[in-house]
Amino acid sequence: MIKLAQIGVGYWGPNLLRNFYIIDDVMVKKVVDLDSSRLEYIKKNYEPIAVGTDIKGVLDDKDIDAVIIATPAGLHYGMVKEVLLSGKHCFVEKPLALKSSEAEELIKIARENDLILMIGHVFLYNAAVNYLKEFIGKGELGKIYYMYTQRLNLGRIRSDVNVLWNLAPHDISIILYLMEKIPVSVSASGMSYIQSNIEDVVFMNMKFDDGTIVHSHVSWLDPKKVRTVTIIGSKKMVIYDDISDNKIKIFDKGIDINSKNNSLGEFDNFGKFQLIKRAGDIYIPKIDFTEPLKAEASHFIDCINKKKNPVSDGLNGLIVTRIIEAALKSLEIQSREIEL
């Protein structure tokens, strides 16, 4: 049996706890939080779990195999480091750290101590995203021209990190997962409307070496909650809408090049070259959906038991941190491109 402790049961923590608590052959032994009202919530709803306010009690407990961290982002590096140095596996909510040097250090500690380090990039465990990855892998979209993502809502506004750190890790992790490569450059523009020096809206661009560009819009100031990824390919187009019941819509649409000599760049008259707009069917695949958090939690336990590398491992978390670091630097220098 794997014995767990969880640090932090604020906004997102209860969702993690609910899913880890129901896994077979797993026991959540202790929960730590500084907020007494959150500890009362645990006592009321999870009577067998011990509660406390001191992380040291978790670190010193040799009976605890792994720790889940769901605290504010600024605390992740220090807490993950302590957990790993105490010889325990660690699951930490995104982001892994706010500096790539810190993320690199955590990866090194985990590797040297043969420990599992997993980041809560929950959309990598989403059935719709995995369907999309498989669809792209089969070449169904053709060459991917560009993508754009939108992760928008009105509130919840944070005061400890800007909207990039809060929302962009989700979309960045999805893009990296689908593209299976790292962008060559990043640029960003944004503004701080509500709080000084804390951007609440950011437009970020990533360029890849194959010519694909990705535009991401994140905001706390939009009237409507939006969670979409749109992908434009040479053969087909697709929209992934996480809020919709029909999460994936595939459009058999595009622009075809009709050439009598089938050789691009050798057209000497219009008769040999035509751009034809193609508008075919819209296909909505049936996806057997399970709660991504449940799949994510089970994957962490499976990685511990089988000593295998998580899908959202430390390296995955490091690359996301590097991209956001580059975007933040671009914000500081009038949106100029930053090479990775």
Any salt bridge between [X] and [Y], counting N to O under 4.0 Å?
X: Asp241; Y: Lys247; value: no
X: Glu104; Y: Lys108; value: no
X: Lys99; Y: Glu325; value: no

[X] (side chain) donor-acceptor with [Y] (main chain) under 3.5 angstrom:
X: Ser330; Y: Arg336; value: yes
X: Asn246; Y: Lys249; value: no
X: Asp65; Y: Lys3; value: yes
X: Arg227; Y: Leu152; value: yes
X: Asp252; Y: Asp281; value: no
X: His121; Y: Pro169; value: no
X: Ser187; Y: Glu337; value: no
X: Ser185; Y: Glu339; value: no
X: Gln6; Y: Gly13; value: yes
X: Ser335; Y: Leu331; value: no

* Could Lys181 and Phe208 be counted as a cation-pi pair, given that NZ or CZ must be under 6.0 Å from the ring centre and within 45° of the axis? -> no
* Between Tyr41 and Arg38, is there a cation-pi geometry (under 6.0 Å to ring centre, at most 45° from the normal)? -> yes
* Please work out which of the three classes, parallel, tilted or perpendicular, describes the rings of Phe123 and Tyr240, given edges at 30° and 60°. => perpendicular
Please report the closest heavy-atom contact between [X] and [Y], naming both atoms and the distance.
X: Ser173; Y: Leu124; result: O-CD2, 3.5 Å
X: His170; Y: Lys94; result: NE2-CE, 3.4 Å
X: Phe300; Y: Ile116; result: CE1-CG2, 3.8 Å
X: Met79; Y: Ile7; result: SD-CG2, 3.9 Å
X: Leu115; Y: Gly87; result: CD2-O, 3.5 Å
X: Ala97; Y: Thr321; result: O-OG1, 3.1 Å

* Tyr148 vs His217, ring pair (Phe, Tyr, Trp, His ring centres under 6.0 Å): CA-CA, chis, key distance, verdict -> CA-CA 8 Å; Tyr148 60 93; His217 176 197; over 10 Å; no
* Go through the steps for Lys29 and Asp61 under the test salt bridge (Lys or Arg N to Asp or Glu O under 4.0 Å), then give the verdict. => CA-CA 10 Å; Lys29 185 176 181 182; Asp61 190 339; 2.9 Å; yes
* Given salt bridge (Lys or Arg N to Asp or Glu O under 4.0 Å), test Glu82 with Lys88 step by step and report yes or no. => CA-CA 9 Å; Glu82 287 189 272; Lys88 304 180 193 308; over 6 Å; no
* Do Val226 and Ile243 pass the side chain to side chain contact (heavy atoms under 4.5 Å, CB included) test, and can you show the C-alpha distance, the side-chain angles, and the key distance before you say yes or no? -> CA-CA 7 Å; Val226 180; Ile243 297 174; 5.6 Å; no
* **Test of ring centre spacing under 6.0 Å for His215 and Tyr146** => no
* **Between CD1 on residue Ile157 and CG on residue Leu221, distance to nearest 0.5 Å** => 5.5 Å
* What's the verdict on salt bridge (Lys or Arg N to Asp or Glu O under 4.0 Å) for Asp288 and Lys286, showing C-alpha distance, side-chain angles and the deciding distance? -> CA-CA 7 Å; Asp288 294 326; Lys286 182 182 182 300; 2.9 Å; yes
* List the steps, then state whether side chain to side chain contact (heavy atoms under 4.5 Å, CB included) holds for Ile107 with Asp313. => CA-CA 9 Å; Ile107 293 169; Asp313 62 2; over 6 Å; no
* Evaluate salt bridge (Lys or Arg N to Asp or Glu O under 4.0 Å) for Glu40 paired with Lys44, printing each intermediate quantity in order. => CA-CA 6 Å; Glu40 288 300 320; Lys44 180 179 178 180; over 6 Å; no
* Structure fact -> In Asn126, Asn130, Asn316, the residue satisfying side-chain hydrogen bond (donor to acceptor under 3.5 Å, both in side chains) with Tyr177 is Asn130
* To do: Given side chain to side chain contact (heavy atoms under 4.5 Å, CB included), test Phe251 with Val238 step by step and report yes or no.
  => CA-CA 6 Å; Phe251 299 81; Val238 62; 5.8 Å; no
* **Full working for side chain to side chain contact (heavy atoms under 4.5 Å, CB included) between Leu340 and Val184** => CA-CA 5 Å; Leu340 293 178; Val184 295; over 6 Å; no
* Structure fact -> Paired with Leu17, the side chain to side chain contact (heavy atoms under 4.5 Å, CB included) test is passed by just one of Ile68, Asn45, Ile49, namely Ile49
